[in-house]
K.L.:
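Sharing a structure below in structure tokens format, with a few things to ask.
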Number of protein chains: 2
Amino acid sequence: MFSKTCQYGIRAILYLAVHTSEDKKLGVEQISNGLDIPKHFLAKILQQLTKHHLASSSKGRNGGFYLNTENKNSSLLKVIHAIDGSDVFSLCILGLPECSSQNPCSLHQEALKQRSAMLKILEDQDIQQIAKRIDLKHIKI
Amino acid sequence: MFSKTCQYGIRAILYLAVHTSEDKKLGVEQISNGLDIPKHFLAKILQQLTKHHLASSSKGRNGGFYLNTENKNSSLLKVIHAIDGSDVFSLCILGLPECSSQNPCSLHQEALKQRSAMLKILEDQDIQQIAKRIDLKHIKI
DNA sequence: AGATAAAAAGAGTTTTATATCTTATTTAAA
DNA sequence: TTTAAATAAGATATAAAACTCTTTTTATCT
């Protein structure tokens, strides 16, 4: 479903949502330790997310990555779009180039159903809401 | 979701379900032309499926690949298991090694929902049924 | 100003997935 | 028994994804 890069990206964003704010930043090393993700690889992903304004960063001493309010009001869907591209949820599940409701493949209907439930939470709930749930229910990231 | 190999495998099985029988076999070349899948690559996949008794083949003149009745009564889920392994539908969507209902990741519930709809058709409907639907509704493979 | 600590950027490597090519083997019809 | 049509197997090539390393830039602290 999601590339490893994207999985890492989602988890990193959630981690930042739970642990950081405008005045509580974290360095790549800390995040990478907390999530058990290769450090340099994670750095790339965080840079990418920062470019897309889905995370924030500041350079220099006491710098680090964090989510500001705007970032926390964004959605995981945007994170996914930024990393895996905007058609993860529309590409044909059987890889057919021209698959649509008009001209469906044999699993098209089921793929639609399958995706709608997932899409809903990914775009309706903002990151802060998910972070809150993680915090309350002690869900792991 | 599915690897390309698996997508090819599913499509090949459905193609065989629609176009072949015990006494109407097709060679790799014809199938590969019909589905626009690289010939040699498809050959490997068909061999793999034949080994798993999900397709049938006969060598020599007038040989080829086909589905016998037993094959047609099998399910796409078995095809998927044979190619992508048996935990495509249970692996954590965020890649966490120890994700379960007891100890879920932040998207666990949605992943479950998402997958159940798809799983249902993949294991409940047999291949022949899907082939019939393809035939009747002129769905492409 | 200079040392330091952090992200950003770029280049490079490794691994895995996908695809191709070549040769051998099997089978059955002619 | 020759031959054509197919599968089977193994080696190799290519491309994409995952991961690493090094250098540069920037901000802060002393």
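Computed from heavy atoms alone, side chains included, the values below leave out hydrogens, waters and symmetry copies. Each chain gets a letter, A, B and so on, in the order the sequences are listed, and its residues count up from 1.
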K.L.:
If I take atom CZ in residue A:F65 and atom P in nucleotide C:dA7, what distance separates them, rounded to the nearest angstrom?
P.N.:
5 Å
K.L.:
Give the rounded distance in Å between these two atoms: CD of B:Q48 and P of D:dG10.
P.N.:
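For the pair B:Q48 CD and D:dG10 P, the rounded distance is 14 Å.
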K.L.:
Within this structure, what is the CG-to-P distance between A:L26 and C:dA5, rounded to whole angstrom?
P.N.:
17 Å
K.L.:
Grab the two heavy atoms, one from B:Q114 and one from B:I93, that are nearest each other, plus how far apart they are.
P.N.:
OE1-CD1, 4.0 Å
K.L.:
From CG of A:L49 over to P of C:dA9, roughly how many Å is that when rounded to an integer?
P.N.:
14 Å
K.L.:
Counting only heavy atoms not in A:D36, do more than 12 sit closer than 6.0 Å to its CG atom?
P.N.:
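It does not: A:D36 CG has 12 such atoms or fewer within range.
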K.L.:
What pairs of nitrogen or oxygen atoms, one from the protein and one from nucleotides 17-23 of chain D, lie under 3.5 Å apart?
P.N.:
residue	atom	partner	partner atom	Å
D:dA18	OP1	A:K4	N	3.1
D:dA18	OP2	A:T5	OG1	2.9
D:dC19	OP2	A:Y8	OH	3.2

K.L.:
Looking at OG of B:S56 and CG of B:L49, how far apart are the two atoms once the value is rounded to the nearest 0.5 Å?
P.N.:
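Reported value, rounded in 0.5 Å steps: 10.5 Å.
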K.L.:
What I'd like to find out is whether the side chain of B:K137 reaches to under 4.5 Å of the side chain of A:P104, using heavy atoms alone.
P.N.:
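The answer is no; the side chains never approach within 4.5 Å.
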K.L.:
Please report, rounded to the nearest Å, how far the P atom of C:dA5 is from the NZ atom of A:K59.
P.N.:
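Between P of C:dA5 and NZ of A:K59: 17 Å.
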K.L.:
Would you indicate whether the side-chain heavy atoms of B:F89 and B:L77 approach each other to under 4.5 Å?
P.N.:
yes
K.L.:
Describe the nucleic acid contact of B:G63 in one word from base, sugar-phosphate, nothing, applying a heavy-atom distance below 4.0 Å.
P.N.:
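Contact class for B:G63: sugar-phosphate only.
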K.L.:
Report yes if at least one side-chain N or O of A:S57 is closer than 4.0 Å to OP1 or OP2 of C:dA8; otherwise report no.
P.N.:
yes
K.L.:
Considering residues, nucleotides and ligands other than B:K78, do more than 12 of their heavy atoms fall under 6.0 Å from its NZ?
P.N.:
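Not more than 12 within 6.0 Å, no.
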K.L.:
Round to a whole Å and report the spacing from CG of A:N62 to P of D:dA27.
P.N.:
13 Å
K.L.:
Just checking A:I37: base, sugar-phosphate only, or nothing, at a heavy-atom cut-off of under 4.0 Å?
P.N.:
nothing
K.L.:
Would you say B:M1 and A:I10 are hydrophobically clustered, going by side-chain heavy atoms of ILVMFWY under 4.5 Å?
P.N.:
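Looking at the clustering, A:I10 is in a separate group from B:M1.
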K.L.:
Whole angstrom is fine here: how far is it from CD1 in B:I45 over to C1' in C:dA17?
P.N.:
12 Å
K.L.:
Whole angstrom is fine here: how far is it from CG in A:L16 over to P in C:dA7?
P.N.:
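In whole Å, C:dA7 P lies 11 Å from A:L16 CG.
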